[in-house]
Amino acid sequence: MWDQLPELILTQIFDHLDYTDRVSVGEVCRAWNRALSSPVLWRSVRIVIDRDLREDFSPAAILTAKYGQHMRSLELTFSRPYIYPRILHRVKLAVRSAPALAGAGFLAIVRTKDVQLRRLTLTNWAFAYNRGTLLGALARFLRGQRNLATLCLLNADFGVTDVLRMLGALAKESREHLASLDLRGAFKEWQAPHDNRRYLGLLSRFRSLSLLKLDYPALSNQVLHVLASDASKTLKSLHVFVRDSDSRQHTLADTAWRSLASACPDLTVSYTIVNISHFEDMCYLLLPSVPLAEFHMFSGYVWDQSRSRNFRSTIALLIAQYTNTLVEVMLQLRNNRESLDDLLVSMLLRCKRLARLQYDGIIRSLDTLREICQLQAEHKTRFKTIHVKPRDVNLRNRVVLNDINYQYDRKMHEQGVDFRLEDPTSILFFY
């Protein structure tokens with residue numbers, strides 16, 4: 001019966017198997033072996049280097065040697081991205097070097113097959129193994145990539161030299177094809193490449209970039225000028241990630257942003273702010289010329305009693321300066337004590353393009369929710385989702401929730417709004 005299953009069903013089943021099991025099913029019968037060779041199974045491959053690759057017997061490497069020509073997307077990662085120093089000295093050098101050697105061997109197989117990827121992702125490479133051999137093999141592999149469109153170095157935690165080595169190798173063949181570059185966490189925290197001449201020179205060579213993601217330390221006035229002069233025809237999205245651990249000794253000038261916005265009229269900027277809450281730390285980011293479309297703010301769990309966070313000033317600045325550009329706002333404000341009800345309503349009313357507002361914080365009055373629903377019912381706002389989950393529901397609040405649900409449920413449904421009120425004290429949901 002199993003050998004009579006359609007090949008489409010078999011490939012869907014095989015897609016859930018690990019590499020060892022795939023080697024086994026390929027030896028069952030001709031039908032299964034034929035299904036295993038389907039290009040669909042090998043378009044996107046994820047390799048955990050210190051788990052899937054071994055020097056003695058590696059099913060992943062064996063299968064890649066057979067079917068690697070179908071590969072278009074490859075992710076290389078580590079299951080243990082970091083080993084504590086007190087444990088590392090107990091591990092023998094040969095054991096430490098084994099994953100790097102196995103990874104280099106795997107990349108050699110891929111090079112031999114002349115695999116041409118469209119997407120390469122390196123995640124969680126902050127490991128303590130001897131990785132010089134592996135990085136060398138990776139650089140040689142990148143030199144042979146002629147059509148790579150996406151490179152992601154998410155949390156690679158490389159040194160500046162290592163990242164520039166990867167970008168330099170890629171620039172030899174794929175500089176006209178690279179459309180998406182993700183450098184979030186690519187550089188070690190204490191190394192800021194924003195004014196590195198080679199870094200600036202390499203960025204200028206990628207003239208087809210439409211999406212660029214990077215941390216604030218990798219951004220500078222010089223970077224903005226390079227993007228304005230060399231990527232102005234293609235750059236559409238710039239995502240900037242700012243963390244409390246980032247070195248922010250340099251600031252960006254509004255003139256540099258104005259130059260980039262002028263050269264890239266279709267550019268949208270996204271900010272993700274992590275554990276930075278105080279207004280005096282935020283205002284230098286929210287410059288008037290930034291074409292800000294998305295603003296995501298995640299405040300810390302620890303309440304700093306030494307000064308006020310002044311969320312109101314931050315929200316007021318967003319409303320004042322980005323009325324015509326804001327599309328999405330996400331606010332996760334832990335330990336917030338400030339009343340923001342009026343500003344949330346003002347943001348929805350004044351920011352005409354705002355389609356999504358996600359707020360995890362305190363609403364002083366549920367009548368604010370009633371006002372928001374009324375604005376949407378009158379077509380004065382354009383968002384598509386309302387999810388409310390009050391933390392403390394007393395008898396009065398429950399009455400208000402029931403009344404809002406009765407008054408606006410049908411109107412929200414007619415406008416296609418995902419309208420949901422949840423009472424956490426009961427098993428009932430109001431839709």
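Positions are given from 1 along the sequence. The structure presented is a predicted model; accordingly, all values stated were derived computationally and were not measured.
- Within the 3.5 Å criterion, the main-chain N or O of Met412 finds no donor-acceptor partner in the side chain of Gln376.
- The two residues Phe279 and Asn310 make their nearest non-hydrogen contact at CB-O, 3.7 Å.
- With Ser259 contributing its side chain and Thr255 its backbone, the two residues share no donor-acceptor pair below 3.5 Å.
- Contact record, Gln69 with Lys66: OE1-O, 3.2 Å, taken as the closest heavy-atom pair.
- At a threshold of 4.5 Å between non-hydrogen side-chain atoms, the residues Leu286 and Phe295 count as touching.
- The aromatic rings of Tyr67 and Trp42 lie parallel to each other, their planes meeting at an angle below 30°, with 60° marking the opposite boundary.
- When atom types are taken as modelled, the side chain of Lys113 and the backbone of Ala65 share a donor-acceptor pair closer than 3.5 angstrom.
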Go through Leu333 and Asp360 one step at a time and tell me if the side chain to side chain contact (heavy atoms under 4.5 Å, CB included) criterion holds. CA-CA 6 Å; Leu333 307 181; Asp360 182 3; over 6 Å; no
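- No donor-acceptor pair under 3.5 Å is formed between the side chain of Glu173 and the backbone N or O of Gly144.
- In this structure, Leu138 CG and Leu120 CG are separated by 6.5 Å, a value rounded to the nearest 0.5 Å.
- When only modelled atom types and interatomic distance are considered, Asn155 and Thr123 share no side-chain donor-acceptor pair under 3.5 Å.
- Across all their heavy atoms, Ser208 and Thr234 have their closest contact at C-OG1, 3.4 Å.
- A distance of 11.0 Å separates CD1 of Ile315 from OG of Ser346, quoted to the nearest 0.5 Å.
- Lys236 NZ: more than 12 foreign heavy atoms inside a 6.0 Å radius.
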Applying side chain to side chain contact (heavy atoms under 4.5 Å, CB included) to Val290 and Tyr322, what does each step give before you reach the verdict? CA-CA 8 Å; Val290 180; Tyr322 309 113; 4.2 Å; yes
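- His296 and Glu328 make their closest contact through NE2-OE2, 2.8 Å (heavy atoms, listed as atom of the first residue, atom of the second, distance).
- With no hydrogens or angles considered, no side-chain donor-acceptor pair links Glu294 and Thr268 at under 3.5 Å.
- Closest approach of Gln321 and Leu287 over heavy atoms only: NE2-C, 3.7 Å.
- Here Asp215 pairs with Arg243 in a salt bridge; the nearest charged N to carboxylate O distance falls below 4.0 Å.
- With hydrogens and angles ignored, the 3.5 Å screen pairs a side-chain donor or acceptor of Ser174 with a backbone N or O of Leu148.
- The closest donor-acceptor contact from the side chain of Gln145 to the backbone of Val115 lies under 3.5 Å.
- Looking only at atom types and distance, the side chain of Arg356 has a donor-acceptor partner in the side chain of Gln358 under 3.5 Å away.
- Asn147 places no side-chain N or O within donor-acceptor distance of the main-chain N or O of Arg118, the cut-off being under 3.5 Å.
- With 3.5 Å as the limit, one finds a donor-acceptor pair spanning the side chains of Gln116 and Asp114.
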Between Tyr271 and Tyr216, does a side chain to side chain contact (heavy atoms under 4.5 Å, CB included) hold up when you go through it step by step? CA-CA 10 Å; Tyr271 271 144; Tyr216 184 81; 5.8 Å; no
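- A salt bridge does not link Arg119 with Asp182: none of the charged nitrogens is closer than 4.0 Å to a carboxylate oxygen.
- With Leu76 as reference, Leu107 is the one residue of Leu53, Asp52, Thr121, Leu107 to meet the side chain to side chain contact (heavy atoms under 4.5 Å, CB included) rule.
- Nearest heavy-atom pair across Val242 and Leu285 is CG2-CD1, 4.1 Å.
- Classified by interplanar angle (parallel below 30°, tilted 30° to 60°, perpendicular above 60°), the ring pair Phe241/His239 is parallel.
- The closest side-chain heavy-atom distance from Leu343 to Arg312 is below 4.5 Å.
- From Leu209, atom CG reaches atom CG of Leu227 across 7.5 Å, with rounding to the nearest 0.5 Å.
- The closest donor-acceptor contact from the side chain of Asp50 to the backbone of Phe78 lies at 3.5 Å or more, if one exists at all.
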